[in-house]
2 protein chains.
Amino acid sequence: MQREEAMKDLLAIEQRLVPDLVDMMKKRFQILRKLYDLQPVGRRTLAQVMDTTERILRAEVDFLKEQGLVAVDSAGMRLTPLGESLLEALGEVMGILDGRADLERELRRVLGVKAVRVVAGDVDEAPDVKRELGFVTARFLREILRPGDVVAVTGGTTVAAVAGQMPVFHPGNVLVVPARGGVGERVEYQANTIAADLAEKLGGQYLLFHLPDRLSEEAYRSLAGEPQIAEKLRRIRRAGIVIHGIGQAIAMARRRNLPPEEIAVLEARGAVGEAFGYYFDREGRIVYQQHTLGLRLDDLGGMRSVIAVAGGRSKAGAITAVARAVAPHMLITDEGAARMILAAHRQDTGEEPVERPTPHGAR
Amino acid sequence: MQREEAMKDLLAIEQRLVPDLVDMMKKRFQILRKLYDLQPVGRRTLAQVMDTTERILRAEVDFLKEQGLVAVDSAGMRLTPLGESLLEALGEVMGILDGRADLERELRRVLGVKAVRVVAGDVDEAPDVKRELGFVTARFLREILRPGDVVAVTGGTTVAAVAGQMPVFHPGNVLVVPARGGVGERVEYQANTIAADLAEKLGGQYLLFHLPDRLSEEAYRSLAGEPQIAEKLRRIRRAGIVIHGIGQAIAMARRRNLPPEEIAVLEARGAVGEAFGYYFDREGRIVYQQHTLGLRLDDLGGMRSVIAVAGGRSKAGAITAVARAVAPHMLITDEGAARMILAAHRQDTGEEPVERPTPHGAR
DNA sequence: TCTTTCGGGACATTATATGTCCCGGATGTG
DNA sequence: CACATCCGGGACATATAATGTCCCGAAAGA
């Protein structure tokens with residue numbers, strides 16, 4: 001397993017420094033694999049089977065031949081002994097590379113989420129992984145952003161990482177808003193601050209939304225009637241995209257200074273995850289709702305993209321609960337959380353993991 | 001050390017499958033490294049320092065910026081925290097990649113050889129490594145071959161691997177000759193056979209040179225006077241390039257069925273290496289000469305390229321002896337032999353290994 | 001014997017890479 | 001404070017590489 005960890009580390013470096021390297025390696029692996037299966041085979045036939053063009057395949061084959069991996073004669077192309085041993089060695093590498101893809105597919109199935117991205121590592125073990133979550137989320141946001149979009153963000157260190165890692169990108173006329181009124185946290189992790197940071201990166205505008213904490217429900221309702229507050233709420237609820245973090249229910253309740261008796265209620269009801277001020281049990285059912293103003297769960301349904309970002313094996317239960325409740329379009333998590341979620345699922349359901357059939361005896 | 005082995009294995013795969021991209025990784029490492037040293041620095045300055053053009057550097061920097069590794073502002077470019085941590089992680093990887101380069105430089109110094117290529121592995125441990133020696137030697141030969149060249153080859157399994165791995169390549173009008181008259185070995189490892197195989201790959205011609213074994217010195221001298229034999233010797237000695245193997249002296253003597261009293265003489269005189277029928281002690285001094293006809297040691301001096309190819313830790317002593325005696329222009333060996341040669345040298349001279357100063361605490 | 005598939009050659013078209021220059025802005029120095 | 005230098009980003013012309021498509025003779029298969 002140490003061997004696999006070492007290879008993973010190297011592949012992670014390469015994916016950041018020369019992503020083309022990893023892609024090209026996969027491509028050539030596919031060519032070698034398919035060639036092995038069909039040999040002896042001609043260029044046009046193989047190109048057709050692999051859904052590429054004859055010229056592109058010829059270039060690849062010329063290279064593989066030059067490297068001593070492929071032999072060609074009038075009957076067609078075959079792998080050389082060296083090519084076969086390299087193919088065998090590659091099985092192990094591809095197993096590692098495709099491992100992440102497997103996790104993503106399994107999480108989509110188990111959580112009922114449309115899209116999943118898994119980054120290497122575990123936030124609980126290496127804080128850098130949170131930055132990586134931010135990096136991947138930021139680039140996904142850039143992919144989907146359109147001029148005129150309203151983007152809502154929640155607070156927390158993970159969403160702060162998204163703003164921190166966002167590349168400068170000006171789609172035009174973007175508004176960034178906090179998902180909820182300011183809640184008591186370090187200022188840099190508050191939704192207001194994150195909204196401002198993100199807006200700056202996007203060359204857009206931001207809305208600040210300050211509210212006092214822990215008012216009664218009637219007090220909040222009264223505030224909501226104030227024209228200025230109402231207008232801000234209107235703009236916030238116009239968001240087409242939301243990026244939100246996920247909290248562990250009890251930890252979050254404590255951080256929010258909920259009274260002990262309310263925390264006791266949460267525990268009694270089996271709360272495990274929190275998002276948007278809602279507390280969910282492991283099945284995704286709302287078991288508590290914190291009073292505040294901002295985005296409501298119902299508002300998410302009309303959005304183009306709901307992006308959940310959270311990692312760390314300790315948050316696996318929370319992620320599962322919130323994902324089931326919120327059904328985000330995209331979940332971005334890390335490998336530590338992903339494995340824990342799937343392990344818990346197997347424990348709950350007795351499902352056996354589907355081992356990936358890898359070529360040529362990969363370990 | 002297991003970690004390093006795993007990374008080495010993966011890098012070896014990549015160097016064969018995506019060599020250009022491994023080079024790109026090295027290049028980007030150099031850029032990150034130099035940028036780290038000089039930051040904040042502008043593009044033109046860095047391009048100058050790194051002996052490249054402003055446009056090429058801009059392309060690289062744009063990419064590194066996109067990957068979150070570099071930050072740019074009006075004062076110049078700097079590494080981001082992520083860039084710094086990647087640079088640190090790369091130290092270990094570059095240590096592995098450049099390890100071979102270090103070995104090559106050390107061998108050049110210790111053996112007094114002009115050029116050295118070291119391939120991964122140890123022939124003694126993995127027979128595939130011999131094929132790799134053949135692969136690298138064949139491609140070196142292709143680099144230096146010119147139309148009209150005469151190439152001499154010795155016998156043995158390693159030189160046979162060169163012919164086996166030689167890509168088809170027709171420089172024109174090439175003659176391949178055996179370095180010496182046929183000596184008793186399996187026919188496919190005889191210089192005659194190897195000459196024929198290589199000639200076929202090169203679209204050239206070959207010369208066969210059969211001689212009976214173990215004649216007296218006078219008998220060989222008499223044969224050398226025969227017009228046909230003399231003509232062949234003339235053509236053989238016209239060789240501009242020779243590819244020769246290296247044998248362990250005593251093992252070779254036994255294989256050549258030398259009488260026990262002659263083997264005792266070899267042992268008494270400290271023979272360790274054999275090439276071209278000459279037996280050398282560890283300092284490279286001739287301690288015995290086998291009677292035969294073909295290339296003499298003196299003939300090598302006028303050649304454009306003398307290529308020695310041998311591997312395996314068990315041949316380290318032989319390689320050292322022959323390299324010192326023959327002073328090949330190019331030595332192609334494996335890592336097992338290289339490390340053993342350098343370890344023996346340290347033991348002999350008390351030299352401490354010069355640790356490569358690697359950046360950022362690479363292990 | 002005929003048909004199909006083969007690798008290799010070739011050329012036109014498209015895409016990418018590269019060299020070079022220049023702009024306004026920021027920084028450093030006197 | 002003014003001037004010189006260096007900065008990143010923009011831009012365009014040129015060079016190089018990649019790709020699509022077609023065709024040849026040879027070999028293999030039916």
Side-chain angles (χ1 to χ4, degrees), chain A residues 18-21 23-24 27-28 30-32 34-80 83 167-172 200-203, chain B residues 18-21 23-25 27-28 30-32 34-80 83 142 167-172 200-203:
Chain A
V18 263
D20 290 349
L21 181 157
D23 291 339
M24 179 78 64
K27 179 184 177 189
R28 286 176 176 164
Q30 294 298 336
I31 294 175
L32 290 173
K34 196 63 82 175
L35 208 154
Y36 176 82
D37 291 342
L38 303 172
Q39 66 188 338
V41 66
R43 229 175 33 238
R44 288 173 204 80
T45 305
L46 191 57
Q48 207 170 11
V49 162
M50 299 194 69
D51 196 32
T52 186
T53 67
E54 185 255 340
R55 195 62 189 74
I56 287 192
L57 197 80
R58 189 202 303 214
E60 290 304 321
V61 164
D62 281 347
F63 168 79
L64 294 171
K65 180 177 157 190
E66 164 63 23
Q67 293 304 91
L69 304 176
V70 159
V72 300
D73 61 24
S74 59
M77 304 174 289
R78 310 161 207 268
L79 288 196
T80 59
V168 170
F169 170 64
H170 298 183
E200 192 184 0
K201 296 288 184 67
L202 301 179
Chain B
V18 276
D20 291 350
L21 295 156
D23 288 342
M24 183 162 297
M25 182 162 65
K27 179 185 177 190
R28 285 176 178 164
Q30 294 299 336
I31 293 174
L32 290 174
K34 195 64 83 175
L35 209 157
Y36 176 82
D37 289 342
L38 302 173
Q39 65 188 338
V41 65
R43 231 178 30 239
R44 288 172 205 81
T45 305
L46 191 58
Q48 207 170 9
V49 163
M50 297 193 72
D51 196 33
T52 185
T53 67
E54 186 254 340
R55 194 65 187 75
I56 288 193
L57 196 81
R58 190 201 304 214
E60 291 302 326
V61 164
D62 282 349
F63 168 79
L64 295 172
K65 183 177 156 190
E66 163 64 20
Q67 293 304 91
L69 304 175
V70 159
V72 301
D73 61 27
S74 59
M77 305 175 287
R78 309 163 210 266
L79 289 196
T80 59
R142 190 177 59 176
V168 170
F169 171 65
H170 299 181
E200 192 184 359
K201 297 284 181 71
L202 301 180

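In what follows, chains are A, B, ... by sequence order, proteins preceding strands, each numbered from 1.
- No hydrogens or angles were tested; on distance alone, a donor-acceptor pair under 3.5 Å links the side chain of A/Arg58 to the base of C/dG9.
- In the set C/dG19, D/dG9, D/dT21, D/dG9 carries the atom at the smallest distance from any side-chain atom of B/Glu54.
- Among the nucleotides C/dG8, D/dG9, C/dC6, the one closest to the side chain of B/Val72 is D/dG9.
- Here the side chain of A/Ile56 is nearest to one of D/dT19, D/dT21, C/dT20, namely D/dT19.
- Each of A/Ala59 and A/Ser74 lies near DNA chain D, and the nucleotide nearest A/Ala59 is the one positioned closer to the 5' end.
- Computed from coordinates, the A/Gln48 CD to C/dT4 P distance equals 14 Å when rounded to whole Å.
- Within the 4.5 Å cutoff, side-chain heavy atoms of B/Val70 are placed close to those of B/Leu79.
- In this structure, the nucleotide among C/dG8, C/dT20, C/dG7 sitting nearest to the side chain of A/Met77 is C/dG7.
- In this structure the side chain of B/Met24 never reaches within 4.5 angstrom of the side chain of A/Leu21, judged on heavy atoms.
- In this structure, A/Arg55 atom CZ and D/dT21 atom P are separated by 13 Å, rounded to whole Å.
- Checking the phosphate oxygens (OP1, OP2) of D/dC7, a side-chain nitrogen or oxygen of B/Thr45 falls inside 4.0 Å.
- Using a 4.5 Å heavy-atom cutoff, the side chains of B/Val72 and B/Val61 are in contact.
- Counting atom types as modelled, A/Arg44 pairs a side-chain N or O with a base atom of C/dG8 as donor and acceptor under 3.5 Å.
- Listed candidates were C/dG8, C/dT27, D/dG9. Nearest to the side chain of B/Ala75 is C/dT27.
- A close approach under 4.0 Å does occur between a side-chain nitrogen or oxygen of B/Thr53 and OP1 or OP2 of C/dG19.
- A/Arg43 places its CZ atom 7 Å from the P atom of C/dG8, with the value rounded to the nearest Å.
- Regarding A/Gln39, its CD atom lies at a distance of 17 Å from the C1' atom of D/dA28, rounded to whole Å.
- A donor-acceptor pair is defined here as one N or O able to donate and one able to accept, closer than 3.5 Å; no such pair exists between the side chain of A/Thr52 and the backbone of A/Leu57.
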